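First comes the structure, then the notes that go with it.
Source: prediction; values computed, not measured.
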Amino acid sequence: MSCEGCFSTQKAIDQAPPHKKMVGDYIKMLENLRNNVNHFKVNIQAYRIDKYVSTINASAIQQKYTLDNPIESSKQYIANMQNTDGSWFEISNMQGLSNVWATGFISSFLPEDDDCTVKARDFLINNKQGKLWGYNTDWTYDFDSTTCALLSLNGGHEQISSDIKEWIKGQSPSGGFSTYSDDQYNLFSSLGLKKKDVKGWISEHTCVSALAYYFMSRLPAKDNYQQELNSLRDYILSRRNKKGIWTPYWWTSSIYPTSFIIQGMLRDSHDHRNYIDQSMRSLISQQHDDGSFSCEVLNHKSAFYTALVLDTVCSSEELFARYRKEAILMKEWLLSEQYSTG
């Protein structure tokens, strides 16, 4: 069944309730067929990508010394992992492989004129899922994946004003952002679930809102969205705990939302120095003696979270001057964990 066929099937299922008594068995058959197709498609894709990554990393060894050129090695690894269509694959879940979300996130951190970034932006421009961008090219749009895509396109100075207007519809009256809208016709039947079963996906969350705030703070024309930004800021500040950090819903560490919120505050026109100071102290207090930071759920040292804190420290000359010693430890730990593939 093609992607278009799956969406047509889902739409037919969603439009059927008024006639449910007449076509109940037919609806159930369509739902089972569609869910089975999606399930096997996801697993086949995941298997192929796992084999691909394993092949690339087969000869990789962990170096306990500084590589000659670690940044260039890392950039080359990222380039090697990019698909011919400009996308990257990342973690797999029941919605598939995250080629759109991952491509937006990765490319937003790369230099805007890098060949990989240019290819990634072309992929994003050509792969909307309806009104906005989804987790992957086979799934309905969501506001978090769209944030990642817009981050990348904004960095490339693309025209995204009309997309931003659509994206802002994901902001709830509380000011926060949800992953999905509760009126997306194919979301619930795609999962084989009812609306009440996906409350977490249609409710606003700190981690989704943190990236949204980070994005809005980087907009050249953010004054055009001052009302939405004020509302989002109020939501974020209301979710701050006594330690000055933010607890995620989807992610496995408070480092993720807290880092992006701090970086957003650094670009905000409001004076957030007191908030930033407390939040940074709380973040740095989580650092291990070797310079690393851990995933709080798995209790395992994480290159991703360590790099995210380092990126936050390096976002401000003042923060870097204050936490220079800690930043050097982060850098040295990351270099010690780098593989020969980059």
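- Atom CG of Asn154 sits about 8.0 Å away from atom CZ of Arg218, to the nearest 0.5 Å.
- From Asn99, atom CG reaches atom CG of Asn127 across 7.5 Å, with rounding to the nearest 0.5 Å.
- In the model, Tyr305 has a side-chain atom that pairs as donor or acceptor with a side-chain atom of Thr252 under 3.5 Å.
- Using modelled atom types, one finds a donor on one side chain and an acceptor on the other under 3.5 Å when comparing Asn230 with Gln226.
- For the residue pair Gln263 / Thr312, a side-chain donor-acceptor distance below 3.5 Å is found, with atom types taken as modelled.
- Looking at Ile78 and Ile106, their side chains come closer than 4.5 Å, going by heavy atoms from C-beta outward.
- Applying the ring-ring contact (aromatic ring centres under 6.0 Å, His included) rule to Phe320 yields no partners; only residues at least two apart in sequence or on another chain are considered.
- Rounding to the nearest 0.5 Å places SG of Cys207 at 8.0 Å from CH2 of Trp250.
- When atom types are taken as modelled, the side chain of Gln82 and the backbone of Cys116 share a donor-acceptor pair closer than 3.5 angstrom.
- Of the listed residues (Ile261, Thr258, Ile262), just one forms a side-chain contact (heavy atoms from CB on, under 4.5 Å) with Ile245, and that residue is Thr258.
- Residue pairs satisfying the salt bridge (charged side-chain N to carboxylate O under 4.0 Å, His left out) criterion with at least one member in residues 233-248, sequence neighbours excluded, are listed as follows: Arg233-Asp268.
- Side-chain contact annotation: Ser74 with Gln338, donor-acceptor N/O pair under 3.5 Å present.
- Tested against Trp101, the residues Asn136, Asp142, Asp144 include a single side-chain hydrogen bond (donor to acceptor under 3.5 Å, both in side chains) partner, Asp144.
- Within 6.0 Å of atom CG in Asp289, 12 or fewer heavy atoms from other residues, nucleotides or ligands are found, so the atom counts as exposed in its surroundings.
- Not counting sequence neighbours, the partners of Trp167 by the ring-ring contact (aromatic ring centres under 6.0 Å, His included) test are Phe177, Phe215.
- What you find for Ser231 and Pro173 is that their closest heavy atoms are OG-O, 4.5 Å.
- For Tyr275, the OH atom is loosely surrounded, since the number of other residues' heavy atoms within 6.0 Å does not exceed 12.
- Taking all atoms of both residues into account, the shortest heavy-atom contact from Leu334 to Ala307 is CD1-CA, 4.1 Å.
- Linking ILVMFWY residues whenever their side-chain heavy atoms come closer than 4.5 Å, directly or via other members, leaves Val313 and Leu329 in distinct clusters.
- Between Trp251 and Phe304, the distance separating the two ring centers is shorter than 6.0 angstrom.
- Between the side chains of Thr140 and Gln129, no donor-acceptor pair of N or O atoms lies under 3.5 Å.
- Donor-acceptor pairing under 3.5 Å is lacking for the side chains of Thr179 and His205.
- We find the OH-OG distance between Tyr323 and Ser316 to be 10.5 Å, quoted to the nearest 0.5 Å.
- Remark: His300 NE2 is loosely packed, at most 12 non-hydrogen atoms of other residues, nucleotides or ligands lying under 6.0 Å away.
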